[in-house]
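The structure displayed is predicted, hence computed values, not measured ones. Counting convention: from 1, in listed order, for ligands and their atoms alike.
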Amino acid sequence: MTMRSVVLGTGHYLPKKCMTNADLESLVETNDEWIVERTGIRQRHIAGEGETTSMLAIEAAKRALADATIDASSIDLIILATATPDHTFPSTATQVQAALGITGGAAFDIHAVCSGFVYALTTADNFLKSGSAQRALVIGAETFSRILDWTDRTTCVLFGDGAGAVILDAQKGAGTNADRGVLCTHLRSDGRHLDKLYVDGGPSTTMTTGHLRMEGKEVFRHAVINLAETVDESLHRAGIAASDVQWFVPHQANRRIIDATAKKLGIDPSRVVVTVDVHGNTSAASIPLALSVARHDGRIKQGDLVLIEAMGGGFTWGSALIRW
Ligand code: UT7
């Protein structure tokens, strides 16, 4: 008998304000053709004035609870992945906990930037498998629009805001790949690359929030290598072939990275969930957003094998295999 973290429900939320590539043309020297050709992005959602990361997370969480048809009080673990918390402290997870009226269990944030959701899911899976918690709410939520330098065309066209949430329940499995739930996770980081994708501020350095800075080409190069490595590792550990994967739900940073990784893995484009065209890069929110979109439009069904992967600042990267 093996404990498995089984997905009970998903939810997502996007701010109402939508910014197209044409809108960006009035802010920086760019054009729709360049953005679409280099990234695949056509539009992104931007949080309204006063709309915070916790607000997006709370809405996504409520939708996930409704999808799972469970009461919020049964949640005894909340892990929220974000690099754009409402405050330096307390954690955004505790704000979500309070808003949902949950008074038991534990709530904390995880900070692994674009890999944040894979890190949060892996952490929750280990809590559930070890018996430390029974039911987890795992959220990725971001307002990257608040840390963008809106005069820097090399970064401001890439990101968007949003939130996605997944509810995991500890259930007994047979210990085989036919079990429902998280089958395998794999995390990596390498701090030698911290200057390739970072924010130039923080409470202990500049005492300001700072702005995102990126060496795009370098990040791209490492992403293609690291993502293939982590996916290979997860498939190898689980003893699963890429051809057995029904849905590939990668971090949504750049359409070219997604296509290159899927091709390398031999996964047919029809089995790749792509939302980067309409959401942009929402960092830790991108995978749970894409999972929820594909679950609610009927693509991901119970029993399907889903592969997720991400890479972000640090560098951090990782992957997971989930039987829905
Ligand atoms: O989520 C975390 C992980 N992040 C990523 O995975 C992002 C990885 N990197 C990328 O997605 C790509 O490197 C970018 C989309 C950021 C850039 O694409 P690229 O094909 O690597 O372009 P580049 O940086 O080499 O820039 C090519 C040209 C440059 O002009 P010159 O120097 O060749 O004259 C840039 O100045 O494109 C120019 N450029 C732009 N032109 C119009 C850069 N940004 C823009 C822009 N509009 N927004």
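The proximity of Leu197 to ligand 1, defined as any non-hydrogen pair under 4.0 Å, is limited to the side chain.
Comparing Thr39, Ile257, Asn281 by heavy-atom distance to atom 15 (C) of ligand 1, the nearest is Thr39. The residue from Gly216, Cys156, Cys114 that puts a heavy atom closest to atom 8 (C) of ligand 1 is Gly216. Considering only non-hydrogen atoms, atom 18 (O) of ligand 1 lies nearest to Arg256 out of Gln252, His251, Arg256.
Looking at atom 16 (C) of ligand 1, its nearest protein heavy atom turns out to be Leu158 CD1, 3.8 Å. Protein heavy atom in closest approach to atom 3 (C) of ligand 1: Val219 CG1, 3.7 Å. The nearest protein atom to atom 36 (O) of ligand 1, hydrogens excluded, is given as Arg153 NH2, 3.0 Å; this is a heavy-atom distance. Nearest protein heavy-atom neighbour of atom 23 (P) of ligand 1: Lys217 NZ, 4.1 Å. The single protein non-hydrogen atom nearest to atom 22 (O) of ligand 1 is Arg38 NH1, 3.3 Å, given as residue, atom name and distance.
Using a 4.0 Å heavy-atom cutoff, Ile35 is absent from the residues neighbouring ligand 1. The shell of residues lying under 4.0 angstrom from ligand 1, judged by heavy atoms, excludes Val113.
Using modelled atom types and a 3.5 Å distance limit, the side chains of Glu142 and Thr84 yield a donor-acceptor pair. Side-chain atoms of Glu229 and Trp317 include a donor-acceptor pair closer than 3.5 Å. Under the 3.5 Å distance criterion, with hydrogens and angles disregarded, a donor-acceptor pair is assigned to the side chains of His186 and Thr230. A donor-acceptor contact closer than 3.5 angstrom is absent between the side chains of Asn126 and Thr123. If you check the side chains of Asp86 and Ser54, you find a donor sitting under 3.5 Å from an acceptor. Side chain to side chain, Asn31 and Glu33 fail the donor-acceptor criterion of an N or O pair below 3.5 Å.
The protein does not reach atom 29 (C) of ligand 1 closely, with no heavy atom under 4.0 angstrom from it. Contact annotation for atom 13 (O) of ligand 1: protein present (non-hydrogen atoms, distance under 4.0 Å). Counting protein heavy atoms under 4.0 angstrom from atom 33 (O) of ligand 1 gives zero. Within a 4.0 Å radius of atom 48 (N) of ligand 1, the protein contributes one or more non-hydrogen atoms.
Here the OG1-NE2 distance, from Thr275 to His251, works out to 10.0 Å after rounding to the nearest 0.5 Å.
Annotation for ligand 1: atoms under 4.0 Å from non-hydrogen atoms of Asn254 are 10 (C), 11 (O), 12 (C), 15 (C). Close approach of ligand 1 to Ala253 (heavy-atom distance below 4.0 Å) involves ligand atoms 1 (O), 5 (C), 6 (O). Per-residue contacts place Val157 under 4.0 angstrom from the following atoms of ligand 1 (heavy atoms of the residue considered): 48 (N). Here is the list of ligand 1 atoms found below 4.0 Å of a heavy atom in Met311: 2 (C), 3 (C). Which parts of ligand 1 touch Thr154 is read off a 4.0 Å heavy-atom cut-off, strictly below it: atoms 43 (C), 44 (N).
Close N/O approach between Trp34 and ligand 1 is found [any backbone or side-chain N/O within under 3.5 Å].
Under the 4.5 Å side-chain criterion, counting only non-hydrogen atoms from C-beta, Ile70 is in contact with Ile75.
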Check the pair Ile225 / Met311 against side-chain contact (heavy atoms from CB on, under 4.5 Å), numbers first and verdict last. CA-CA 10 Å; Ile225 298 165; Met311 193 193 94; over 6 Å; no
Kindly determine whether Thr52 and Thr143 satisfy side-chain contact (heavy atoms from CB on, under 4.5 Å), including the steps that lead there. CA-CA 7 Å; Thr52 64; Thr143 47; 5.9 Å; no
Take Asp169 and Arg135 through the test salt bridge (charged side-chain N to carboxylate O under 4.0 Å, His left out) and record every step on the way to the result. CA-CA 5 Å; Asp169 190 46; Arg135 196 168 270 178; 3.0 Å; yes
Starting from the C-alpha separation in whole Å, work towards a yes-or-no answer on salt bridge (charged side-chain N to carboxylate O under 4.0 Å, His left out) for Asp195 and Arg213. CA-CA 9 Å; Asp195 59 343; Arg213 307 292 173 204; over 6 Å; no
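Taking the six-membered ring where tryptophan is involved, the planes of His45 and His279 are perpendicular, since the angle between them exceeds 60° and thus also 30°.
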